Trainee: 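Structure provided below as structure tokens; questions to follow.
These numbers were taken from a predicted model, which means no experiment stands behind them.
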Amino acid sequence: MTDLNAPVWKTLRAAGKDVDKQLRSLLEHPVDFRENMEILAGNLSHQLSYYSATAYVLPHLAALCGAISPKERMFLIAQIGPAVAAEAEQPLEEGAGAWREFQEGAKALALVAADLIQNHMDVLDAASEEERQMFALGALAFLGNRRHAYDLWYLSDSCWEEGPGACSCGWEDECVPLAEAPEFLVPASPAPWDGNSLEDEAVWLTGLLSRFQDQTILPVLPLVYGGMICPECGKRASYWTMMDRYLKEA
């Protein structure tokens with residue numbers, strides 16, 4: 001964890017200025033926790049971009065979790081999730097200082113997310129629909145494939161009703177109609193969730209959103225975790241692969 005008085009904070013980038021002051025305000029003013037957390041998280045996840053300050057903020061947020069309630073920890077995971085997911089678009093260099101900071105914070109916050117799911121489900125159940133959705137995606141950024149979390153946040157712009165896809169043969173479509181479940185998408189069938197295990201990403205994420213009775217993200221999960229058959233050449237790949245090919249080539 002890097003001290004807030006260290007010179008490096010003046011070199012770090014975020015959507016706005018003074019992220020170190022925003023973090024300090026969050027840590028020192030617990031009464032205004034939600035407001036300060038929203039400001040900080042918004043500064044680090046604007047337009048679903050990755051900012052260099054994120055790596056250095058994460059260890060401080062992880063340490064803060066030891067002093068706040070499960071309800072506030074849930075809010076923290078939900079808010080910071082997009083900023084963490086965005087690292088998948090610009091992966092940090094392994095072994096670098098920023099990478100070490102990111103790993104330290106992300107690993108500790110993964111334990112926080114797991115504890116909330118496994119031991120504080122009553123807090124999650126009592127949250128609003130939007131908070132539950134954001135927590136589920138935030139938890140995915142820490143406990144699952146960070147790229148999958150980024151992709152689902154990307155799909156949120158269309159309310160998870162459509163998304164892009166591209167094949168190596170040259171076929172591409174910016175608006176694959178996920179809500180209509182076209183024939184060239186082959187849905188997956190995740191096994192039932194035991195309410196505790198976090199080993200199989202598709203299983204626990206589907207199970208968690210099912211428990212929340214989610215009607216927005218849940219319906220598209222079988223499709224995004226399933227296969228896609230290229231309408232042009234017939235080649236089959238996972239939808240994640242087809243989506244990421246489009247995003248990388250766009």
Trainee: Does E130 CD have over 12 foreign heavy atoms under 6.0 Å away?
Mentor: no
Trainee: When clusters are formed by joining ILVMFWY residues with side-chain heavy atoms under 4.5 Å apart, either directly or through shared neighbours, do M121 and W204 land in the same one?
Mentor: yes
Trainee: Above 12 or not: heavy atoms from other molecules or residues under 6.0 Å from CD of Q118?
Mentor: yes
Trainee: Is it possible for you to say whether M1 and L12 belong to one hydrophobic cluster, with membership spreading through side-chain heavy-atom contacts below 4.5 Å?
Mentor: no
Trainee: Going by an N to O cut-off under 4.0 Å, is there a salt bridge joining R245 and E172?
Mentor: no
Trainee: Locate the shortest heavy-atom distance separating G165 from V176; write the atom from each residue and the value.
Mentor: N-CG2, 4.0 Å
Trainee: What do you reckon, is CD of E93 surrounded by more than 12 foreign heavy atoms closer than 6.0 Å?
Mentor: no
Trainee: Between R132 and D125, is the closest basic N to carboxylate O distance under 4.0 Å?
Mentor: no
Trainee: So if you build clusters from Ile, Leu, Val, Met, Phe, Trp, Tyr with side-chain heavy-atom gaps below 4.5 Å, do F33 and I39 land together?
Mentor: no
Trainee: Any link between L4 and F102 through a network of hydrophobic side chains (Ile, Leu, Val, Met, Phe, Trp, Tyr) touching at under 4.5 Å?
Mentor: yes
Trainee: One pair to check against salt bridge (Lys or Arg N to Asp or Glu O under 4.0 Å): D151 and R147. What are the steps and the verdict?
Mentor: CA-CA 6 Å; D151 287 350; R147 180 73 209 193; 3.2 Å; yes
Trainee: Around atom CD of E38, are there more than 12 heavy atoms from other residues, nucleotides or ligands closer than 6.0 Å?
Mentor: yes
